[in-house]
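First the structure, in the form of structure tokens, and then the observations on it.
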Amino acid sequence: MRLLADRRRAATQDETESLGRPLPRDFYDRPATVVARALLGRVLVRDATEGRVAGLIVEVEAYRGAADPASHAYRGPTRRNAVMFGAAGHAYVYFTYGMHHCLNLVTGREGVASAVLVRALEPRIGIDSMRRRRGVETLERLARGPGCVAQALGLDLADNGLDVTRPPLWVSDRLPERSGPIAASTRIGIRVATERPWRFFLRGSRFVSGPGGGLRR
DNA sequence: CCACCGATTGCT
DNA sequence: GCAATCGGTGGT
């Protein structure tokens, strides 16, 4: 009789096979806007002890280096944003408003401090896990909004700095067929008048981009 | 040490 | 429209 752990491992390998391979580091080693666009429609995968959770990336926001006033990196390196200044292909997870976490994927060359904020997912795998973590039922509400994405995936500061070119947190190189309409978040996040982060999302089957954020004060 | 603020969310 | 809630950040 096969051990439970072995069966679980085999199942994980099968699913990984069907999901494709993790995107390699050089995928992320490009400008944030380019990576942001290329991430749309791919599968973000989170493997935890509770099981696998995954969804299609349907909305992202690009933070373009330390010269971008909207970026956490704008005032130079600090303890919190250190990961942004590091190598591409790592997770920058931060805590905000005393209750929410948000997930970024670091892009560009070391020292460039650019990243892509994952703003919304279309749930695909581990939907019941997402429901438990989120405390909501409907697919539309499970991972719409950056705080909801992190909560649905069970991410917190312990995941800051993770290498996203391999499990337990990674993005597949596959571009699956989308099953239905995709809900992008409606709320506006950053409020910087001079320069705004560029947002990318999928509306139905169409690719859309435009300035995110509103005006400050 | 202290004060202010935030790449948000959910409820009124 | 606004409260919740607390670590990050910068100034004293």
### Message
Would you say Phe95(A) ends up clustered with Val118(A) if hydrophobic residues are merged whenever their side chains have heavy atoms under 4.5 Å apart, either directly or through other cluster members?
### Response
no
### Under 3.5 Å donor-acceptor, Asn104(A) side chain and Tyr92(A) backbone
yes
### Query
Are the side chains of Arg133(A) and Val53(A) in touch, meaning some heavy atoms are under 4.5 Å apart?
yes
### Query
Tyr94(A) versus Asn81(A): any side-chain heavy-atom pair under 4.5 Å?
no
### Summary
In Watson-Crick or G-U wobble terms, with both distances under 3.5 Å, the base opposite dT5(C) is none
### Query
For atom P, what is the distance between dT5(C) and dC2(B), given to the nearest Å?
22 Å
Please determine whether a side-chain nitrogen or oxygen atom of [X] lies at a distance below 4.0 Å from atom OP1 or OP2 of [N].
{"X": "Arg75(A)", "N": "dG8(C)", "answer": "no"}
{"X": "His72(A)", "N": "dA7(B)", "answer": "yes"}
{"X": "Arg79(A)", "N": "dT9(C)", "answer": "no"}
{"X": "Thr96(A)", "N": "dA7(B)", "answer": "no"}
{"X": "Arg119(A)", "N": "dT8(B)", "answer": "yes"}

Rounded off to whole Å, could you give me the [atom1]-to-[atom2] distance for the [X] and [N] pair?
{"X": "His100(A)", "N": "dG10(B)", "atom1": "NE2", "atom2": "P", "answer": "7 Å"}
{"X": "Phe95(A)", "N": "dC5(B)", "atom1": "CZ", "atom2": "P", "answer": "18 Å"}
{"X": "Arg144(A)", "N": "dT9(B)", "atom1": "CZ", "atom2": "C1'", "answer": "12 Å"}
{"X": "Leu142(A)", "N": "dG10(B)", "atom1": "CG", "atom2": "P", "answer": "11 Å"}
{"X": "Tyr97(A)", "N": "dT8(B)", "atom1": "OH", "atom2": "P", "answer": "6 Å"}
{"X": "Glu59(A)", "N": "dT9(B)", "atom1": "CD", "atom2": "C1'", "answer": "14 Å"}
{"X": "Leu117(A)", "N": "dT8(B)", "atom1": "CG", "atom2": "P", "answer": "7 Å"}
{"X": "Arg134(A)", "N": "dT9(B)", "atom1": "CZ", "atom2": "P", "answer": "8 Å"}

### Query
Going by 5.5 Å between centroids and 30° between planes, is there a stack of Tyr63(A) over dA7(B)?
yes
### Query
What's the spacing between Leu39(A) CG and Leu56(A) CG if we round to 0.5 Å?
12.0 Å
### Message
Which is more 5' along DNA chain C, the nucleotide nearest Leu157(A) or the one nearest Met99(A)? Just name the residue.
### Response
Met99(A)
